[in-house]
Amino acid sequence: MGALLGPAEIRDLAAQLDVTPTKKLGQNFVHDGNTVRRIVSVAGVTPESRVLEVGPGLGSLTLGLTETGAPVTAVEIDARLAAQLPSTVAAMQPDARLVVVHQDALRVGADDLPVAPTHLVANLPYNISVPVLLHLLATFPSLERSLVMVQAEVGYRLAADPGSKVYGSPSVKAAWYGSWRIAGQVSRQVFWPVPNVDSVLVGFERHDQPGDEQLRAQVFALVDAAFQQRRKMLRQALSGVLGSSAHASEVLEAAGIAPTARGEELGVDDFVRLGRTVLAAA
């Protein structure tokens with residue numbers, strides 16, 4: 001077992017770098033070693049994994065990942081944190097295999113990383129967690145598994161089933177790439193500063209995607225329209241994207257979906273079937 005960062009080390013590092021955690025960047029640093037090792041264990045990281053970490057911050061989770069022996073690529077938007085991280089890890093785990101990429105996770109591409117990642121493990125900033133996840137899953141088809149710590153509200157939305165009160169656009173888009181589950185709760189007390197929201201761990205396993213990029217774009221456009229006015233029947237909610245309420249009804253019926261249904265009743269397979277029908281009729 002390598003050394004991990006505790007509360008004192010986290011505060012010392014932050015003071016040294018003159019880093020004040022900001023709500024804008026959603027920065028809440030984990031300072032509990034047991035939580036870090038639990039995340040790494042549940043994520044299923046082995047020495048053969050190629051890990052992508054987003055928003056490593058001061059390095060708490062990074063050290064938990066590198067102590068498995070797996071190569072880790074950490075993407076950090078804050079220049080001070082990105083510059084310090086290799087030194088922190090080298091001082092505590094000299095044999096760690098770490099590459100730090102100073103980049104915005106919403107813009108990072110395949111050319112930015114040294115290897116194609118197989119595992120995404122991250123403590124994601126609450127304000128951008130869904131866009132970051134969708135971007136990374138689309139950009140790195142090599143990602144087979146993921147375990148992310150997110151705001152509880154976001155986590156339950158990602159893992160929601162059709163008909164649930166929290167089921168929505170993120171639920172369907174995430175399901176395009178694979179299956180999601182709530183993998184555990186996380187105490188507020190393991191963070192500095194202590195957040196005013198609860199956190200959960202969300203696990204992901206990729207499955208074969210249901211279609212190509214053209215179909216994905218069509219499906220996502222239908223999903224956005226369906227949930228923009230989630231209380232409306234689909235024939236009304238989709239009238240804008242499909243041209244009229246009458247045409248929306250025709251397409252829905254052709255796809256085997258009741259025009260009076262609402263978006264929250266449809267699973268990703270239903271939206272995929274609808275997307276195929278729209279493209280076939282174009």
Side-chain angles (χ1 to χ4, degrees), residues 43-44 52 105-106 108-110 116-120 124 129-148 150 154-164 166-183 202-230 232-235 237-243 247-282:
L52 172 61
L106 283 166
V108 69
T118 58
H119 288 58
L120 169 66
L124 287 179
S129 45
V130 171
V132 164
L133 279 171
L134 294 177
H135 169 70
L136 295 175
L137 290 171
T139 305
F140 301 107
S142 58
L143 282 173
E144 302 161 3
R145 299 183 65 178
S146 169
L147 187 77
V148 293
V150 295
V154 173
Y156 287 119
R157 197 174 293 151
L158 284 168
D161 292 323
S164 158
V166 295
Y167 183 75
S169 168
S171 320
V172 186
K173 291 179 179 179
W176 169 275
Y177 297 102
S179 57
W180 299 77
R181 73 189 194 285
I182 300 296
V202 188
F204 161 81
E205 289 190 15
R206 188 182 287 267
H207 56 45
D208 290 338
Q209 287 172 37
D212 59 13
E213 177 57 24
Q214 183 189 25
L215 179 61
R216 187 201 64 76
Q218 180 63 70
V219 168
F220 281 24
L222 292 166
V223 169
D224 285 338
F227 286 99
Q228 212 162 10
Q229 308 174 76
R230 64 181 295 146
K232 287 193 172 181
M233 297 177 187
L234 284 171
R235 67 183 178 205
L238 300 181
S239 60
V241 73
L242 294 180
H247 183 56
S249 292
E250 287 175 22
V251 174
L252 285 159
E253 285 174 354
I257 298 167
T260 53
R262 291 178 172 80
E264 62 201 29
E265 299 170 42
L266 272 57
V268 66
D269 292 342
D270 300 313
F271 277 106
V272 167
R273 200 166 66 250
L274 181 58
R276 289 191 198 282
T277 305
V278 171
L279 290 176

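Everything quoted here is computed from the prediction, not taken from an experiment.
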What distance do L238 atom CG and Q228 atom CD have between them, rounded to the nearest 0.5 Å?
-> 10.5 Å
Taking all non-hydrogen atoms of both residues into account, name the closest pair between L242 and A248 and its distance.
-> CD1-CA, 3.8 Å
Interatomic distance, CG@L136 vs CG@L124, rounded to 0.5 Å, equals 8.0 Å
If every non-hydrogen atom of A160 is compared with every non-hydrogen atom of S164, which pair is closest and at what distance?
-> CB-OG, 4.0 Å
Partner residues of Q229 under the side-chain hydrogen bond (donor to acceptor under 3.5 Å, both in side chains) criterion, sequence neighbours left out | K232
Can you list, pair by pair, the side-chain donor-acceptor contacts under 3.5 Å of residues 274-282, counting residues two or more places apart and other chains?
residue	atom	partner	partner atom	Å
R276	NH2	P210	O	2.5
T277	OG1	R273	O	2.8

S179 OG to R206 CZ distance, which is reported to the nearest 0.5 Å = 11.5 Å
Does the S142 side chain pair with the main chain of P117, one donor and one acceptor, at a distance under 3.5 Å?
-> yes
Please say whether more than 12 non-hydrogen atoms of neighbouring residues, nucleotides or ligands are located less than 6.0 Å from CG in D208.
-> no
Should the ring pair F220 and Y177 be called parallel, tilted or perpendicular, given that the plane angle runs from 0 to 90° and is split at 30 and 60?
-> perpendicular
Could you state the interatomic distance from OG1 (T260) to CD (E265), rounded to the nearest 0.5 Å?
-> 7.5 Å
How many angstroms lie between atom CD of E144 and atom NE2 of H207, to the nearest 0.5 angstrom?
-> 14.5 Å
Between the main-chain N or O of L147 and the side-chain N or O of H119, is there a donor-acceptor pair closer than 3.5 Å?
-> no
Taking all non-hydrogen atoms of both residues into account, name the closest pair between G168 and R230 and its distance.
-> CA-NH1, 4.1 Å
Q214 meets the side-chain hydrogen bond (donor to acceptor under 3.5 Å, both in side chains) criterion, sequence neighbours left out, with none
Close side-chain approach of P259 and E253, heavy atoms under 4.5 Å = yes
May I ask you to decide if the ring planes of Y167 and F227 are parallel, tilted or perpendicular, using 30° and 60° as cut-offs?
-> perpendicular
Looking only at non-hydrogen atoms, find the nearest pair between W176 and D212 and report the distance.
-> CZ2-O, 4.0 Å
Keeping to residues at least two apart or across chains, list the salt bridge (charged side-chain N to carboxylate O under 4.0 Å, His left out) pairs with something in residues 167-178.
-> K173-D224
Do L143 and T118 come close enough that some side-chain heavy atom pair is under 4.5 Å?
-> no
Can you name the side-chain hydrogen bond (donor to acceptor under 3.5 Å, both in side chains) partners of R145, sequence neighbours left out?
-> none
Between L234 and G263, what is the shortest heavy-atom contact and its length?
-> CD2-N, 3.7 Å
Sorted by chain and residue number, the side-chain hydrogen bond (donor to acceptor under 3.5 Å, both in side chains) partners of E250 (sequence neighbours excluded) come out as none
Heavy-atom pair of closest approach, residues S146 and L133 = OG-CD2, 4.4 Å
Going from CG on L222 to CG on D270, what distance comes out if it is rounded to the nearest 0.5 angstrom?
-> 12.0 Å
